Novice: 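The following block contains the structure, expressed as C-alpha cells.
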Amino acid sequence: MTTASKTRKAVAATVLAAASTLGSAMAVAAKPTVILVHGAFAESSSWNGVAARLIDQGYPVIAAANPLRGVANDAKYVSDLIEHTPGPIVLVGHSYGGSVITNAVKGSSKVKALVYVAAFAPDIGESAATLAGKFPGGTLGPTLAEPVQLSDGNEDLYIQRDKFAEQFASDVPPAEAALMAATQRPITAAALNEESLDNAWKYVPSWFVYGTGDKNIPEAALKFMADRAGSQKTVSIPGASHVVMTSYPAEVAALISEAAEATNK
C-alpha cells in the first residue's frame, strides 16, 4: 500500500470515528418530547408559561387538546399522539389530565416519565370523583353551574364564572383568571366518575407537584397519591392554587425538566 493510500485510509477511519462519536453524543443529547395534558375546566393555554420555558430549554412540546369526554376516550386520543410522536416522551397531566395520562401509556416503551401536576393518579377501579372525595377539603361541588344537558344523555359541567377565580385560580392575576373562566372547557359528569382501567405509575417513574391551597383536590389526597405512586420527587408549593402550572410555571417546568433528564440517560 502506498503512503498516499495509507494516509487516505487513516483519514477515512478518523472521519468515521468522529461521525460515530458525534452520533452517539447527539443521541444522548436528544431531548424527549413533552406532552402536556390539561384537565377539566382548563384548556391548552393553561400550559403557556410551562411550555415557553421548556421550549427555551430545547424540549419539543405538545400541549394536547384534551377532549374531556371520558377517561377511556381521552386516553385513546393521547395514546394516538404518543404513537405518532417520534422518540422518548414525558407525559404530563394536570387535574383530570392525570387520570388520562395514567390510562394513555398502555405499556408503551416510549413513555419514560409521568409528571402529575395537581393531578389525579388513580389506581385501577378508582375515579377522579372518588379520589377527590377520599379526604375532606375539596369545595368544587357548590361552585359548579347548572349542568348543560347534552343530546346523548350526558351532562357538561362548568364552574360558575363569578366563583371560578376563588375556587380554581386564586393565585392568578384577576384579569387572567377572568379569561380562564371565560375560556374554560367543560367536562362531562361521566368522565369524572369513570373508573381507571390502568395504573401506569406502577411501571413508569413518576414525579408530583401541587399546591397546598388547592380547592379542587385536597392536599391530603394529592400527597396520598404521590406517596402511593412512589414519587421520585414531590414538590409541594405553599398556598398555590389548583392551576399551579399557571401560577408557578418556573417550578413546574423545572420538575418536568428534572424528570426528563433523569430518564434520558
Side-chain angles (χ1 to χ4, degrees), residues 24-39 42 44 46-64 66 78 81-82 85-102 104-105 108-122 171 199-214 217 219 221-265:
S24 299
M26 289 178 66
V28 171
K31 292 181 179 289
T33 297
V34 178
I35 298 180
L36 305 166
V37 182
H38 67 80
S44 298
S46 61
W47 292 110
N48 282 357
V50 170
R53 286 165 172 79
L54 293 173
I55 291 169
D56 283 347
Q57 294 175 41
Y59 288 98
V61 175
I62 299 171
N66 188 0
V78 174
L81 281 180
I82 292 170
T85 300
I89 291 168
V90 174
L91 270 186
V92 184
H94 169 243
S95 191
Y96 163 81
S99 296
V100 175
I101 67 170
T102 299
V105 178
S108 173
S109 61
K110 296 170 69 175
V111 178
K112 304 302 183 181
L114 299 170
V115 182
Y116 292 89
V117 181
F120 293 106
D171 55 354
N199 47 15
W201 44 265
K202 283 195 172 181
Y203 54 87
V204 179
S206 61
W207 283 253
F208 284 72
V209 56
Y210 55 82
T212 64
D214 196 318
I217 309 175
E219 179 188 0
L222 292 162
K223 184 179 186 304
F224 162 77
M225 289 183 282
D227 290 346
R228 180 177 67 175
S231 174
Q232 302 295 305
K233 181 176 181 179
T234 300
V235 177
S236 174
I237 301 178
S241 73
H242 189 54
V243 287
V244 64
M245 72 287 194
T246 302
S247 53
Y248 288 88
E251 289 80 355
V252 173
L255 186 66
I256 295 170
S257 179
E258 185 174 327
E261 290 173 2
T263 54
N264 192 39
K265 296 177 180 178

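All values reported here derive from a predicted model rather than from experimental measurement.
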Novice: Search all heavy atoms of A118 against all heavy atoms of D214 and return the closest pair with its distance.
Specialist: CB-OD2, 3.6 Å
Novice: Applying side chain to side chain contact (heavy atoms under 4.5 Å, CB included), run through V117 and W47 and close with a yes or a no.
Specialist: CA-CA 11 Å; V117 181; W47 292 110; 4.0 Å; yes
Novice: Can you name the nearest heavy-atom pair linking Y59 to P32, along with the distance?
Specialist: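 For Y59 versus P32, the nearest heavy atoms are CD2-O, 3.5 Å.
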Novice: Which heavy atom of V115 sits nearest a heavy atom of A259, and at what distance?
Specialist: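 Taking V115 first and A259 second, the nearest heavy atoms are CG2-CB, 3.9 Å.
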Novice: So which atom in P205 and which in Q232 form the shortest heavy-atom distance, rounded to 0.1 Å?
Specialist: CB-CG, 4.2 Å
Novice: Got a list of side-chain donor-acceptor pairs under 3.5 Å for residues 85-95, not counting sequence neighbours?
Specialist:
unit_1 : atom_1 : unit_2 : atom_2 : d
T85    : OG1    : L81    : O      : 2.6
H94    : NE2    : H242   : O      : 2.8
S95    : OG     : H242   : NE2    : 2.8

Novice: Yes or no on side chain to side chain contact (heavy atoms under 4.5 Å, CB included) for R53 and D56, after CA distance, side-chain angles and deciding distance?
Specialist: CA-CA 5 Å; R53 286 165 172 79; D56 283 347; 5.6 Å; no
Novice: Apply side-chain hydrogen bond (donor to acceptor under 3.5 Å, both in side chains) to Y96 and list each qualifying residue two or more places apart in sequence or on a separate chain.
Specialist: D74
Novice: Output every pair passing salt bridge (charged side-chain N to carboxylate O under 4.0 Å, His left out) with a member in residues 235-264, not counting sequence neighbours, ordered by first then second residue.
Specialist: K233-E258
Novice: Measuring from atom CD1 of I256 to atom CD of Q57, what distance do you get when rounded to the nearest 0.5 angstrom?
Specialist: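 I256 CD1 to Q57 CD: 9.5 Å, rounded to 0.5 Å.
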Novice: Can you give each donor-acceptor pair under 3.5 Å made by side-chain atoms of residues 234-241, sequence neighbours left out, with the distance rounded to 0.1 Å?
Specialist:
unit_1 : atom_1 : unit_2 : atom_2 : d
T234   : OG1    : S231   : OG     : 2.9
S241   : OG     : D171   : OD1    : 2.6
S241   : OG     : V243   : N      : 3.3

Novice: Taking side chain to side chain donor-acceptor pair (under 3.5 Å) as the cut-off, I'd like each qualifying pair that reaches into residues 109-119, sequence neighbours left out, listed once.
Specialist: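 Applying side chain to side chain donor-acceptor pair (under 3.5 Å) to every pair that reaches into residues 109-119, excluding sequence neighbours, yields T102-Y116.
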Novice: With side chain to side chain contact (heavy atoms under 4.5 Å, CB included) as the test, would you mind laying out the steps for I101 and V105 before giving the verdict?
Specialist: CA-CA 7 Å; I101 67 170; V105 178; 5.9 Å; no
Novice: Locate the shortest heavy-atom distance separating G97 from N66; write the atom from each residue and the value.
Specialist: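 Heavy atoms only, the tightest pair is CA-ND2, 4.2 Å.
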Novice: For K223 and F208, what are the C-alpha separation, side-chain angles and deciding distance, and is it a side chain to side chain contact (heavy atoms under 4.5 Å, CB included)?
Specialist: CA-CA 9 Å; K223 184 179 186 304; F208 284 72; over 6 Å; no
Novice: Atom CD1 in I62, atom CG in L36: separation rounded to 0.5 Å?
Specialist: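 Spacing of CD1 (I62) from CG (L36) equals 9.0 Å.
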Novice: Going by ring pair (Phe, Tyr, Trp, His ring centres under 6.0 Å), name the residues that satisfy it together with F224, two or more places apart in sequence or in a different chain.
Specialist: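 Partners of F224 under the ring pair (Phe, Tyr, Trp, His ring centres under 6.0 Å) test: F135.
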Novice: Which atoms form the tightest heavy-atom contact between S46 and H38, and what is the distance?
Specialist: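 Closest approach of S46 to H38, heavy atoms only: OG-CB, 4.1 Å.
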Novice: Nearest 0.5 Å, what's the CG-OG1 distance between L222 and T212?
Specialist: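 So the CG of L222 and the OG1 of T212 are separated by 10.5 Å.
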